[in-house]
Visitor: 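There's a structure below that I have some questions on.
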Amino acid sequence: MRVGIVQSYRNGSLSFGNLSKEEKESFKQTKQEALDVIGRPERSVFIYPSASLPQSTEHNTGAGTLLSKQGEEFLDVVKTFTAADTLQDLPAGEYMPKPANQYYGAYDTSSQALSSHLIEPELLMDERFGKIITPEELKEVVDANSGKNKDILVNFENVVEPDSPFDKMLKKAYERFKTGEGETLEGLRKDFADFKTKNSSWLEPHGIYDVLARKYNNPVFDKWENETDKRLYDTEYSQDLRNARKAEILKENADDIDFYNFKEFLSDKFLGLARDKAHEKGFKFGGDIPYQFTLSDVFTNPKAFSYDVYMGPENLKIPALNFYQITDPNSAAAKLLTEKFRLAAQRYDTLRVGMGWGYVTPMLRNSSGDYHEQKEMGSQVLDLIENAVKEVKGDKFNRGDLFYEIEAGEKEFRAFNDDGSLIEPLKGRTKIYSSDYMSDGWGSSRAYTERFKMSPSEFMYGASNVNTTPLRELASHGIYEQRKEQQVKELSSILHMDPLALDNTDEFVRAKEAEPLLAKNHFMFFQDLFGLDGRFNDLTQTNPKNFRLKIPSNPEQAYYDAVKEGHAYNIMDAFERVFRLKGYDKEHPELFAKIVEFKNKLYGIDPTKVAEKAANEVPEPPVVNPINGAEPEKPAVQAVEKAASKNKYIKPALIITAVAVALLGAYKYFSKKPKAA
C-alpha cells in the first residue's frame with residue numbers, strides 16, 4: 001500500500017502505538033467533525049449480548065455485565081471507536097434451555113421474566129447491597145468456571161441453571177438479605193416488597209412454574225403428572241381445584257418462590273443500573289424484544305395462544321398467539337402482548353421488535369401439517385404494540401424509537417407492493433435491513449432510498465447482525481462466491497471502487513463496513529468492532545457455541561490488537577472512503593488529513609517509515625478510481641519487486657514483467673462471464 005507523507009495537526013505528530021489519553025480526545029473530536037461533514041446519524045445502534053461482556057480473570061463467573069470495570073472499559077471503547085449513540089442488548093429474558101439439546105438462545109427467553117446473568121456479583125459485595133455475598137463465595141463460582149474456553153465463551157450453565165454455582169451463591173445472598181440488619185438492607189427489603197406488588201400479575205405465575213418445573217425435573221408442563229398442575233392457569237379447568245392447588249403450592253414452596261422473586265428483583269435492579277451507566281456514558285439504552293414465547297409464558301397464559309399452532313418460519317416452532325382474538329383488547333392474547341411491551345418500555349429507551357413482519361403477516365401452521373395460513377393483520381397488532389409503549393412513555397413517546405425487523409424470505413413476507421412501494425402497515429415505521437444479500441438494486445442504502453423511495457429516516461441499515469453471514473466468512477469462503485461477486489459489483493458502483501480491489505478480503509470487509517455510513521440510521525454488531533471470527537448464531541440451534549462468543553477481558557487492548565491485524569473496525573478508514581466518494585477530501589483537506597493519520601495510527605502504520613519506504617520504491621501502475629489510497633494486493637508483482645531490489649541491472653526488465661502480470665490478471669477478471677443472479 002502506498003501512503004503519502006502525513007502532516008501533523010494540533011498536538012503534533014501521533015506517536016507510534018496505541019492512542020494516548022490526549023490522542024483519544026483528538027480522535028473523538030476528529031470523529032465528531034467527520035460526522036458533522038457527512039451528516040450525523042439520527043440513530044447509530046451498537047448491538048451486543050450482555051452475557052458476552054468482558055470479565056476479569058479474578059471475577060470470571062461465565063457471564064459479564066456493564067457494571068464491572070471491564071464493562072465500563074467496553075463502553076468507552078464503543079464510545080471512542082464507533083459512531084454509536086444507542087446500545088442495544090440482545091434479549092435479556094429468563095434463559096431456558098431447550099429440553100431436547102440444552103441449547104441456550106437469546107431469543108428463546110421469557111417475554112416477562114429476566115435472566116439472573118444481569119446480576120453483577122461484585123456489587124453484591126458492596127455496601128450498597130449490604131454485602132450480601134462474600135469474596136469467598138464469589139471465588140467458588142469463579143473456580144467452578146474452569147473450562148478451557150472460559151475466556152472466549154459464555155458459560156450459561158455456571159450462571160443461569162437451577163442450582164448452578166451462581167444460583168447457590170444467590171441463595172446465600174437471599175438468606176442474608178432476609179435476616180441482615182442495617183438501613184441499607186431495610187431499604188432494599190422495602191424496594192423488594194414494592195417490586196413484588198407492582199409485578200404480581202406475572203411474577204407469581206412464573207414463580208409457581210419455576211418450582212413445579214423443578215419438582216417434575218421437566219420444563220415441559222404437558223409432561224407433568226398432576227392434571228391440575230398442568231392446567232393451573234387454564235380458565236376452562238375447575239376454578240376451585242386451581243385455587244386450592246395454588247394456595248397449597250404457595251404455602252409449601254413459599255421460600256423457593258420468594259427466592260425466585262428475589263432473583264427477578266435483583267435482575268431488574270441491575271438492569272436499571274446498567275441503563276443508568278449507559279446514560280452516564282452518553283448512550284440511549286435499547287432492548288431486543290423477541291417474537292418468541294417460552295413454555296413458562298404458555299403455562300401462565302394458556303388462553304393467549306392457539307392450541308397446537310405455531311407461528312413464524314417452520315423450523316422455529318414458536319407457540320402462536322391467538323391472532324383471531326388479538327385485536328380484541330380484552331382478549332388474553334392482547335393482554336399478554338401489551339404487558340410484554342409495557343415491561344420492555346419500562347426497561348429500555350429504544351426497542352427492537354424482533355421479527356416485526358410476523359405481527360403484520362404471521363405465518364401459522366399446526367404440528368400435523370394440515371393447517372397453514374398467512375394471516376393478514378394490517379397495522380392492527382403494530383398499533384397495539386405502539387399503544388402499549390405510549391402508555392409507559394407518555395409525552396416522551398417517539399415512534400422512531402421502535403425498530404422493526406422486516407427482512408424475511410420472499411415466501412414468508414413481502415414488504416413491498418408490485419410497484420416497489422411499501423405496504424401500508426410499514427409506512428412511517430423504522431425498518432431494519434442489512435447488506436447480507438446485497439445485489440443489484442437490493443440490500444444497500446442506495447436501493448432503499450432510490451429504488452424503493454423510502455425516506456432515509458424510515459430505515460436502519462448495517463453490514464451484519466446476529467443472524468447474518470460473518471463478514472470475513474462471506475469475503476473469503478468459496479461457498480459464497482456468487483453472493484460476494486454480486487456484492488463486489490454493487491459496492492464498487494456505490495463507493496466508486498475498483499472491483500479488483502474488492503476481491504481482497506480486507507478491502508471487501510472494510511467497504512462493507514463503510515457503506516452504512518451513507519444511511520441516516522445505522523447499526524453495528526459487536527463482532528465487527530472487535531474482529532471476532534465465527535458465527536454468533538448459525539441458525540441450526542444445535543451448535544454448543546451459539547450465542548456464547550465473548551468479548552476479551554481487556555477490551556481496549558483487544559481492539560487495538562485486532563485493528564492492527566486488519567480484522568477490527570476502523571471508523572477512520574470508513575470515513576476516508578466516504579470523504580473520497582463525496583469529494584469532502586478536497587473540501588476539507590485538513591480534516592481529511594487527520595482522518596488518514598488516525599486511520600494509519602490504528603492500523604499500526606508508522607507514517608515516517610511509510611514515507612521513507614514510498615520515497616525509495618518505484619510506483620506501481622495506478623488503480624482505476626482508488627477509494628482509500630490502497631491498491632489491491634498483487635502477490636506476483638510484489639515478489640518480482642523484491643527480487644529486483646537485489647540487482648539494479650535487471651530491475652527495469654522485471655518491472656516490465658510485473659506490469660505484464662498485472663495486465664494479464666485484469667484481462668482474466670474482465671473476461672469472466674457474469675453468473676446468473
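From a predicted model like this one, the values you see are computed outputs, not experimental measurements.
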Visitor: Under a 4.0 Å threshold between the charged nitrogen and the carboxylate oxygen, would Glu137 count as salt-bridged to Arg176?
Guide: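 Here Arg176 pairs with Glu137 in a salt bridge, since their nearest N and O are under 4.0 Å apart.
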Visitor: Between Phe259 and Tyr174, what is the ring plane arrangement, given parallel below 30°, perpendicular above 60°, and tilted in between?
Guide: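 Judged by the thresholds at 30° and 60°, the geometry between Phe259 and Tyr174 is tilted.
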Visitor: Name the orientation class of the two ring planes belonging to Phe192 and Phe262 (parallel below 30°, tilted from 30 to 60°, perpendicular beyond 60°).
Guide: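 Plane angle over 60°, so perpendicular.
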Visitor: Is the NZ or CZ atom of Lys79 both under 6.0 Å from the centre of the six-membered ring of Phe283 and within 45° of that ring's axis?
Guide: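 Because its charged atom sits under 6.0 Å from the ring centre and within 45° of the axis, Lys79 does stack over Phe283.
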Visitor: Of all the heavy-atom pairs spanning Asn218 and Trp224, show the shortest one and how long it is.
Guide: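 Smallest heavy-atom distance, with atoms named: O-NE1, 2.8 Å.
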Visitor: Before accepting this row, confirm whether a basic side-chain N of the pair Glu181/Lys131 lies closer than 4.0 Å to the acidic partner's carboxylate O.
Guide: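 No.
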Visitor: Output all residues satisfying side-chain contact (heavy atoms from CB on, under 4.5 Å) with Asn554, sequence neighbours left out; order by chain, then residue number.
Guide: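 Scan of Asn554 (side-chain contact (heavy atoms from CB on, under 4.5 Å), adjacent residues dropped) gives Pro552, Gln557, Ala558.
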Visitor: Quick check with a 6.0 Å cut-off and a 45 degree axis cone: is Lys230 positioned over the face of Phe221's six-membered ring?
Guide: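 Not flagged: Lys230 not positioned over aromatic ring of Phe221.
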Visitor: Taking only residues two or more places apart in sequence or in another chain, which ones pass side-chain contact (heavy atoms from CB on, under 4.5 Å) with Arg128?
Guide: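 side-chain contact (heavy atoms from CB on, under 4.5 Å) list for Arg128, sorted by chain: Leu123, Asp126.
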Visitor: Do Arg43 and Asp401 meet the salt-bridge criterion of a basic N to acidic O distance under 4.0 Å?
Guide: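 Yes, Asp401 and Arg43 are salt-bridged.
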Visitor: Between Asp76 and Lys24 (salt bridge meaning N to carboxylate O under 4.0 Å), is one present in this structure?
Guide: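 No, no charged N to carboxylate O under 4.0 Å.
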Visitor: Would you mind checking if Lys340 and Asp297 are paired as a salt bridge, meaning a charged N to carboxylate O distance below 4.0 Å?
Guide: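 No, Asp297 and Lys340 are not salt-bridged.
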Visitor: Test of understanding: with side-chain contact (heavy atoms from CB on, under 4.5 Å), list the residues that count as partners of Ala345, not counting sequence neighbours.
Guide: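 Testing Ala345 for side-chain contact (heavy atoms from CB on, under 4.5 Å), a comparison that skips the adjacent residues, returns Val389, Val392, Lys393.
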Visitor: Taking 4.0 angstrom as the limit, do Lys139 and Asp143 come out as a salt bridge?
Guide: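 Salt bridge flag = yes for Asp143 with Lys139.
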Visitor: Can we say Lys178 and Asp255 salt-bridge, meaning some charged N sits less than 4.0 Å from an Asp/Glu carboxylate O?
Guide: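 Between Asp255 and Lys178 there is a salt bridge, with a charged N closer than 4.0 Å to a carboxylate O.
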Visitor: Could you check, using the six-membered ring where one of them is a Trp, whether Tyr291 and Tyr107 have ring centers closer than 6.0 angstrom?
Guide: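 Distance test on ring centres: not under 6.0 Å, no.
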Visitor: Shortest non-hydrogen contact from Phe285 to Tyr48?
Guide: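 Scanning both residues, the minimum pair turns out to be CE1-OH, 3.7 Å.
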Visitor: Does Phe403 have its ring centroid less than 6.0 Å away from the ring centroid of Phe523?
Guide: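 Aromatic pair excluded; centres sit 6.0 Å or further apart.
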